[in-house]
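Notes follow once the structure below has been shown.
Chain letters run A, B, ... following the sequence lines, proteins first, then strands; residues in each count from 1.
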Amino acid sequence: MDSVFTRRVLAVVRRIPPGRVATYGDVAAAAGRPRAARAVGNIMRDSGGRDVPAHRVIAAAGKLGGYGGRIEMKRALLRAEGVLVSGGRVRDFKVRRWRRIGQQ
DNA sequence: CTGCTGACTGGTA
DNA sequence: GTACCAGCCAGCA
């Protein structure tokens, strides 16, 4: 069974709109634990198979972060939503970043 | 309980 | 710009 924190994190990630991205820290904050970015990463790693757009969760400063060793797939999914990636960074990160998730 | 392990982050050099 | 580092925290042995 998932812990409360895990469920909250998954719920938050599911609210990220297509074409937008959020950092592990943003998700952690939205889930109520601003400093649990690493824990969020662990949850994303184990979120395979679930109905969760984990590819929209990236690292700080627009860096891609990980994707179970399948970064190419992460880039492809983002590109399919109109999010361009170059030099290992999401372009227009500041504009595409989804903050304050949970407040609408 | 203790002690790792990370899809992390912000600070410093 | 890059590199290293301490702090962080859920999950698991």
Side-chain angles (χ1 to χ4, degrees):
Chain A
M1 254 322 246
D2 295 327
S3 68
V4 177
F5 180 67
T6 295
R7 281 196 304 265
R8 294 183 74 174
V9 167
L10 296 179
V12 167
V13 175
R14 276 190 273 253
R15 287 187 211 129
I16 304 174
R20 304 301 298 278
V21 297
T23 68
Y24 295 95
D26 290 338
V27 174
R33 302 265 180 218
R35 293 162 292 181
R38 277 185 102 149
V40 169
N42 292 332
I43 293 170
M44 290 302 99
R45 183 222 299 147
D46 302 328
S47 69
R50 292 178 192 256
D51 182 25
V52 179
H55 61 283
R56 295 179 192 143
V57 183
I58 63 179
K63 290 175 301 203
L64 276 187
Y67 201 70
R70 304 176 181 177
I71 294 300
E72 336 166 348
M73 175 60 81
K74 189 169 187 175
R75 261 194 322 212
L77 291 170
L78 287 172
R79 188 178 53 212
E81 296 181 353
V83 181
L84 301 180
V85 180
S86 66
R89 297 287 183 83
V90 167
R91 294 231 244 173
D92 304 315
F93 167 61
K94 293 179 74 171
V95 181
R96 298 214 176 257
R97 184 180 191 179
W98 185 247
R99 301 182 239 217
R100 301 203 173 222
I101 310 165
Q103 87 155 9
Q104 273 307 328

Flag if over 12 foreign heavy atoms under 6.0 Å of CZ, A/Arg8: no
Neighbour count above 12 (heavy atom, 6.0 Å) for A/Arg91 CZ: no
Side chain to side chain, A/Ile58 and A/Lys74, heavy atoms closer than 4.5 Å: yes
Touch class at under 4.0 angstrom, heavy-atom based, for A/Gly68 against every strand present: base
Of A/Arg89 and A/Ser3, the one whose closest DNA chain C nucleotide lies more 5': A/Arg89
Consecutive Watson-Crick or G-U pairs in runs of at least 3, all under 3.5 Å, in which DNA chain C is involved: B:2-6 with C:9-13, B:8-13 with C:2-7
Using atom names, set out every protein N or O paired with an N or O of nucleotides 3-9 of chain C below 3.5 Å, distance rounded to 0.1 Å.
{"residue": "C/dG7", "atom": "O6", "partner": "A/Arg38", "partner atom": "NH1", "Å": "2.7"}

Anything under 3.5 Å between a protein N or O and an N or O of nucleotides 10-13 of chain B, put it in a table, one pair a line.
none

Residues, nucleotides or ligands: over 12 heavy atoms within 6.0 Å of A/Arg33 CZ: no
A/Met73 CE - B/dA7 P separation (whole Å): 18 Å
Heavy-atom closest contact (A/Lys94 atom, A/Arg99 atom, distance): O-NH2, 4.0 Å
Heavy-atom donor-acceptor pair, A/Tyr24 side-chain to B/dA7 base, under 3.5 Å: yes
Of A/Arg75, A/Glu81, A/Met73, the residue whose pairing with A/His55 passes side chain to side chain contact (heavy atoms under 4.5 Å, CB included): A/Glu81
Below 4.0 Å: OP1/OP2 of B/dC8 and any side-chain N or O of A/Thr23: no
Interatomic distance, A/Lys63 NZ vs B/dG6 P [rounded to whole Å]: 18 Å
Atom-pair distance (CG on A/Asp46; C1' on C/dG11), nearest Å: 9 Å
Cluster link A/Tyr67 to A/Val57, ILVMFWY, side chain under 4.5 Å: no
Length of the CD1-C1' vector between A/Ile71 and B/dA7, whole Å: 7 Å
Sugar-phosphate only, base, or nothing, as touched by A/Ala28 at under 4.0 Å among non-hydrogen atoms: nothing
Distance-minimising heavy-atom pair for A/Arg50 and A/Leu10: NH1-CD1, 3.6 Å
Atom pair distance, as rounded to whole Å: CZ in A/Arg7 and P in C/dG11: 10 Å
A/Thr6 side chain near C/dA10 phosphate (N/O to OP1/OP2, under 4.0 Å): no
A/Arg7, CZ atom: more than 12 neighbouring heavy atoms under 6.0 Å: yes
Heavy-atom closest contact (A/Phe5 atom, A/Val40 atom, distance): CZ-CG2, 4.2 Å
Spacing between A/Ile43 atom CD1 and B/dC8 atom C1', to the nearest angstrom: 13 Å
Sub-4.5 Å side-chain heavy-atom contact between A/Tyr24 and A/Met44: yes
Closest non-hydrogen atom pair between A/Ala59 and A/Thr23, with its separation: O-CG2, 3.7 Å
